[in-house]
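No experiment lies behind these values; they were computed from the predicted model shown. Note that these values count all heavy atoms, side chains included, but never hydrogens, waters or copies made by symmetry.
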Amino acid sequence: VAKHLAKGSLLAADRASRWLGLHRLLPPRITVILYHRVTDEVRDNLTVGIEQFDRQMSLIRRYCKPLSIAEVLTSSTIAPSRVPLVAVTFDDGYLDNFTNAAPILERHGIPAAFFVSTGIVDSNRQFPHDIRRGNSSIPVMSWSQLREMRDRGFTIGSHSVSHLDCGSESESVIEEELKRSRDDLVRELACTDPIFAYPYGGRANMTPAALALVKRTGYVGCLSAYGGSNIRGVDPFNVLRRGINWEFDDTAFLLECRGLI
């Protein structure tokens, strides 16, 4: 109870400061939030519920300014804003992104980017993290569904071919996956400015050598997943993201959007 009250007090103070113009005293920031699944079938650290996601998108529309990932990547300098600047992203490419998340995003008029492991798209292959968890096969999106998502205005990017750990594989393997995933996106989706969200997303999962390969193989941005907000400006090859899961109540979610916790 005390923790919830503390969060509520922090959120109320932040709202008041913005109305008073005190937000100008804080460094401007863009918060990029990360989802994986939107479903009521399970509750784990990669999942939010359908109604929960709907409510969160409503909160973004009401209290924040939603940005596309293209707007994020071009924000080398972030202008002060009375309301939080927030971008929505998804990793992996689960089918529930198409069936559950996309209609909610459209209803609230919120842009989003989906980063898919191209060798798992349109297949019965499992993600390594699902195999480790002992999960049964979870449906993923098809290329035709991804084309429909693209046509509906969503951004589709790369999450490697096989959900590769770029921090532990050889440079030759990493380069091959980056090229193949890029080529898959070009062939299937006519992608012209591919963006890469590296699997697992931790600091240890991306080396300087691997990042150099990301740049060299033609990607225009690289997204992590180890937390933090992008303050004052965005480095397009180190876009910070904050993960969201079912444990976030509305107050905690808004605090994440504001980059306050």
Side-chain angles (χ1 to χ4, degrees), residues 33-57 88-107 112-150 152 154-169 173-174 176-178 180-181 184-185 187-189 196-202 204-206 223-227 241-249 252-253 256:
I33 56 177
L34 165 61
Y35 293 95
H36 291 81
R37 301 195 64 201
V38 177
T39 179
D40 292 329
E41 295 178 0
V42 295
R43 290 289 182 267
D44 60 26
N45 66 345
L46 297 182
T47 305
V48 297
I50 298 172
E51 190 276 334
Q52 179 185 24
F53 183 71
D54 190 14
R55 194 170 63 249
Q56 289 174 350
M57 295 306 101
V88 175
T89 66
F90 281 78
D91 279 1
D92 292 346
Y94 292 106
L95 178 60
D96 55 65
N97 294 185
F98 177 81
T99 56
N100 297 335
I104 292 172
L105 289 161
E106 288 179 314
R107 186 161 64 250
F114 297 80
F115 296 93
V116 301
S117 295
T118 60
I120 297 178
V121 171
D122 237 342
S123 77
N124 293 320
R125 294 180 60 191
Q126 289 181 275
F127 290 99
H129 49 270
D130 286 326
I131 294 173
R132 286 195 300 271
R133 293 175 183 215
N135 293 338
S136 56
S137 182
I138 301 173
V140 297
M141 288 185 281
S142 66
W143 284 114
S144 63
Q145 289 165 335
L146 287 168
R147 280 189 284 275
E148 182 178 335
M149 295 273 278
R150 175 205 60 192
R152 288 157 67 179
F154 296 111
T155 298
I156 311 300
S158 169
H159 203 43
S160 79
V161 176
S162 64
H163 205 274
L164 183 77
D165 183 353
C166 296
S168 62
E169 291 289 348
V173 170
I174 296 168
E176 173 59 29
E177 287 234 356
L178 288 169
R180 180 180 159 194
S181 185
D184 289 342
L185 293 173
R187 182 185 66 252
E188 298 289 347
L189 304 176
F196 185 60
Y198 64 89
Y200 306 105
N205 304 120
M206 174 58 67
L223 283 60
S224 67
Y226 55 78
R241 294 190 294 171
R242 293 168 173 257
I244 303 296
N245 61 53
W246 72 276
E247 294 182 305
F248 285 78
D249 62 19
F253 176 73
E256 285 287 332

Query raised in the report: Quick one: does Gln52's side chain have a donor or acceptor within less than 3.5 Å of a partner on Trp246's backbone?
Result: yes
Requested in this report: Measure the spacing between CE of Met206 and CG of Asp165 and express it to the nearest 0.5 Å.
Outcome: 9.5 Å
Requested in this report: Could you grab the distance from atom CG of Asp40 to atom CG of Asp96, nearest 0.5 Å is fine?
Outcome: 10.0 Å
Query raised in the report: When you look at Gln145 and Thr99, which way does the side chain to side chain contact (heavy atoms under 4.5 Å, CB included) test go after all the steps?
Result: CA-CA 10 Å; Gln145 289 165 335; Thr99 56; 5.7 Å; no
Report task. Search all heavy atoms of Glu169 against all heavy atoms of Ile174 and return the closest pair with its distance. Result -> O-CD1, 3.5 Å
Requested in this report: Taking all non-hydrogen atoms of both residues into account, name the closest pair between Gly157 and Leu185 and its distance.
Outcome: C-CD1, 3.7 Å
Report summary line: The ring pair (Phe, Tyr, Trp, His ring centres under 6.0 Å) partners of His36 (sequence neighbours excluded) come to none
Report task. State yes or no: are the ring centers of Phe98 and Phe114 separated by less than 6.0 Å? Result -> no
Requested in this report: Mind running side chain to side chain contact (heavy atoms under 4.5 Å, CB included) on Cys166 and Phe196 for me, showing each step along the way?
Outcome: CA-CA 12 Å; Cys166 296; Phe196 185 60; 4.0 Å; yes
Report task. Measure the spacing between CD1 of Ile120 and NE2 of His163 and express it to the nearest 0.5 Å. Result -> 7.5 Å
Query raised in the report: To the nearest 0.5 Å, what is the distance between OG (Ser142) and CG (Leu95)?
Result: 8.0 Å
**Report entry** Audit row: Ile33, Gln56, side chain to side chain contact (heavy atoms under 4.5 Å, CB included) steps and yes/no
**Finding:** CA-CA 11 Å; Ile33 56 177; Gln56 289 174 350; over 6 Å; no
Query raised in the report: Does any non-hydrogen side-chain atom of Val42 lie less than 4.5 Å from one of Arg37?
Result: yes
Report task. Report the C-alpha distance between Asp130 and Tyr94 in whole Å, list the side-chain angles of each, state the deciding distance to 0.1 Å, and finish with yes or no for side chain to side chain contact (heavy atoms under 4.5 Å, CB included). Result -> CA-CA 12 Å; Asp130 286 326; Tyr94 292 106; 2.6 Å; yes
Query raised in the report: Do Asp54 and Arg107 meet the salt-bridge criterion of a basic N to acidic O distance under 4.0 Å?
Result: yes
Report task. For Trp143 and Asp122, work out which heavy atoms get closest and say how close. Result -> N-OD2, 3.3 Å
Query raised in the report: Does atom CG of Asn124 have more than 12 heavy-atom neighbours from other groups under 6.0 Å away?
Result: no
Query raised in the report: What is the distance from atom CG of Leu223 to atom CZ of Phe115, rounded to the nearest 0.5 Å?
Result: 5.0 Å
Query raised in the report: Does any non-hydrogen side-chain atom of Val48 lie less than 4.5 Å from one of Phe253?
Result: no
**Report entry** Atom of Arg180, atom of Gly119 and distance for their closest heavy-atom approach
**Finding:** NH2-CA, 4.2 Å
Query raised in the report: Is the closest side-chain heavy-atom distance between Val88 and Met57 below 4.5 Å?
Result: yes
Requested in this report: Anything under 30° is parallel, anything over 60° is perpendicular, the rest tilted; go ahead and classify Phe127 against His129.
Outcome: parallel
Report task. State the CD-OG distance between Glu176 and Ser160, to the nearest 0.5 angstrom. Result -> 12.0 Å
Query raised in the report: Is there a side-chain contact between Ser158 and Glu177 (heavy atoms, below 4.5 Å)?
Result: no
Report task. For residues Met141 and Asn97, determine if any side-chain heavy atom of one lies less than 4.5 Å from a side-chain heavy atom of the other. Result -> yes
Report task. Kindly indicate whether the side chain of Asp91, heavy atoms from C-beta on, has any atom under 4.5 Å from the side chain of Arg241. Result -> yes
Requested in this report: For residues Tyr198 and Ser224, report the shortest heavy-atom separation together with the two atoms involved.
Outcome: OH-CB, 3.3 Å
Report task. Of all the heavy-atom pairs spanning Val38 and Ile50, show the shortest one and how long it is. Result -> CG1-CA, 3.9 Å
